[in-house]
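Position 1 is the first residue of the sequence; numbering continues from there.
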Amino acid sequence: MAGSALKTIPGRTVKSGRRPVSFSVSFASMSCALGIVTVFCVPHPAEAKASKPAANAKPVTDGTTDPAIPYVVTLTPTKQADLDAAISASSQLKSLQTSHTVGAYALAGRIRSDYDRVTGALESQGYYAGSVKISVKAGARTVDGKDPSLPDILKALDKKQKVAITVSATTGPRFSLGAVALTTPPQEAPAASVAAPAPTTPTVSAMSQPAPKAAAAKTSATKTPASGTPDQKTASPAPATTTVAATSEQAIAQAQPVTLLPEERKAFGLTSGQPAVAADVLAAQNSLLNQLQEEGYATASVSTPLAYLKPQTHTLDVVFRVNRGPKVVIGPVGLTGLKQTNQRYLMNRLELREGELYRPSRIEAARQDLASTGVFASVQVRNVPPIITLPPNKTLMPGILQAMPIEFSFKEAKRRTLSAEIGYSTDLGGRVGVSWTHHNLLGNAEQLRLTALITGLGGSAQQGLGYDVYADFMKPDFLSKGQNLSVRLEGIRQLLYSYHQTAIIGRAGLSRHVGKYWNVSGGVMGEQEQIQQFGDTRSYFIIAAPLNATFDNTQLSNPIDPATHGVRASLSVTPSESLESGSSFFTLLSAQVSTYFDLKHLGISRPGRSVIAVRGIVGSVQGASTYQIPPDQRLYAGGPATVRGFRYQGVGPQYGKSKYGIGGTSMDAGSVEFRQRLPMNLGFAGFVDAGQVGTGSRPGQGTLRVGYGGGVRYFTPIGPIRVDVALPMNRPAYGDKWELYFGLGETF
């Protein structure tokens, strides 16, 4: 964690030379000091709250009549990337030099405050014997940042004369961890009913401010919030107050030692001798707490560490107070905030069961699953103390009868939404339309979507305007959890150069997830259509039973986001029977796979910035020749889905020497694309596509067509906006010289 530090607590004389210290986390905007057994979050002055300014932001002054003094800061590198980053993040001089200009006295105060800030950055990486030097060049004079006359020197400068400030840090020896001890809280109160009470206010501040010498400090013992656990509303009683120990030996002697199990020790991870990096110590606290809660200790607590600096040996002793509390199971589950959604549907979908072991990861997975229904604007979960006792027949964990009730609270989203759709490519032309969606039709997350599109607005592959009107109905958890029913009724008209089609299509099917990455689906389809091709008009009635399987381990929460790793694959088998205009039975087979390689693995790019994407597609029609199957069931290539640089359906056999595509019974295509992210949400891509369509059933036949090109990307919160230009390398007769594509998201 950049900027976290181990802070010295003065105000206590320790004859042994040992001094208690505390952990803190320092950023450009605020500093959180984790004092002895209590937590402090103390904001810095208002000027520290500024964020990085926009390019044309107007500088903000300190609001006084003192003229603002421009300055430039140079941070002398320490040649350690993590430390340099921590210093840069901690320095107010650096972060505020362009956004908040101040007068002479305020600037002098900012310089003085940077001594502590940069010292904190050094300590965050384990350098407790380091030093900081800040030199200020004001006109012809160079003075130390602590010089009492600095404000007057700055005030005497001419207007707009820039000050040069250099910040240098000397690391000294790096401290390592000495004794690492875990004990119970001293004078521990009875077991708490909830985890992680909010911090209480101590009687003595444990900040790293100078303080007068005093007797032993007293403070209320507290526990840190439980990271990653359900929200807690009620605090447990604080244990009795205890004297803050002056040495680690005294702190250990105040309580009983705690022995960790192997999995707990692995999660904790701290060992004597490793560098005393604050982020590692604080991470160990959270990791141990998470592990204890995963074992069922819902009210477990792990205190912020007591830390004791030993300058003579360049070591730091740390002591953690650990309280497991009782092991519990999940108690009664409550649902609140429901208005239009049926509670029974959610309870049937819920992955948690009363009586199973309390585990925050299981609770969070259940919360995310309920949120994924698309019905809710937010889903929250929290513990509902006090702990209760279950009857023996209610628990799923023998011997564990204590249970923590939990509660899910919901905020339902708008049930109806209206959206617009627009797109354009030089081959298919423009398409515009609107969609109306009801997201919770019957109270069980059923979705009804009505869409009307106008298509064929220009385009080299189109011969006139068309339409696409459809209604989609989706019912989740149909017959069993995770199994969805989808039904579509569609009317379509498209006037392509390959054929003119007017059709009514009905589909119904089931889909479900299998394992973590697989999805399988199957259904039935009926299509009544009229097709005109090369002056011949025929009617077809087609019955099909499509079967599909998809694999996706790219693990993207938003499917429009570009993938940077993993594999996507799909396989479909569609037995079909064409009844009118001659009966024929045929089976359409198709497969597609794409994979993504991040160049970070070669050490030449940052994660997700430079990616090579590869795609392959094959298709085959078994059981019938080209002219025995309807034109819309044949295989075509060309366009962004297969081979860019060629118009839609522009790759494959053509009718005579015209631009009319016939289609085929085999197809194969491949793409290689390089994607590069740039600053300011920009990016670019370069690609090469190749593919062919043949009249046999075996892929790899026909004339191979190759296209190439590139484009730009603008990354938005909903996905990248894509603009690509592609050219054909071996253009067929009457083929287009270039193609332009607009879209949302990458092509694959």
Could I get the full list of side-chain contact (heavy atoms from CB on, under 4.5 Å) partners for [X], not counting sequence neighbours?
X    : value
L571 : A591
E577 : L579, S583, F585
Y708 : V688, L727, M729
S511 : N484, N519, S521

Which residue pairs satisfy the ring-ring contact (aromatic ring centres under 6.0 Å, His included) criterion with at least one member in [range], sequence neighbours excluded?
range            : answer
residues 588-618 : F597-H601
residues 671-706 : none
residues 445-486 : none
residues 534-568 : Y517-F551, W518-F551, F534-Y655

* **Partner of Q692 by side-chain contact (heavy atoms from CB on, under 4.5 Å), out of D668, V706, T703** => D668
List the residues meeting salt bridge (Lys or Arg N to Asp or Glu O under 4.0 Å) with [X], not counting sequence neighbours, and say none if there are none.
X    : value
D561 : none
K94  : none
E412 : none

Carboxylate-amine/guanidinium contact [X] [Y], below 4.0 Å:
X    : Y    : result
E421 : R431 : yes
E746 : R713 : yes
E673 : R615 : no
R512 : D477 : no
R538 : D536 : yes

* Asked: Residues two or more places apart in sequence or in another chain: which of them pass side-chain hydrogen bond (donor to acceptor under 3.5 Å, both in side chains) with R705?
  -> none
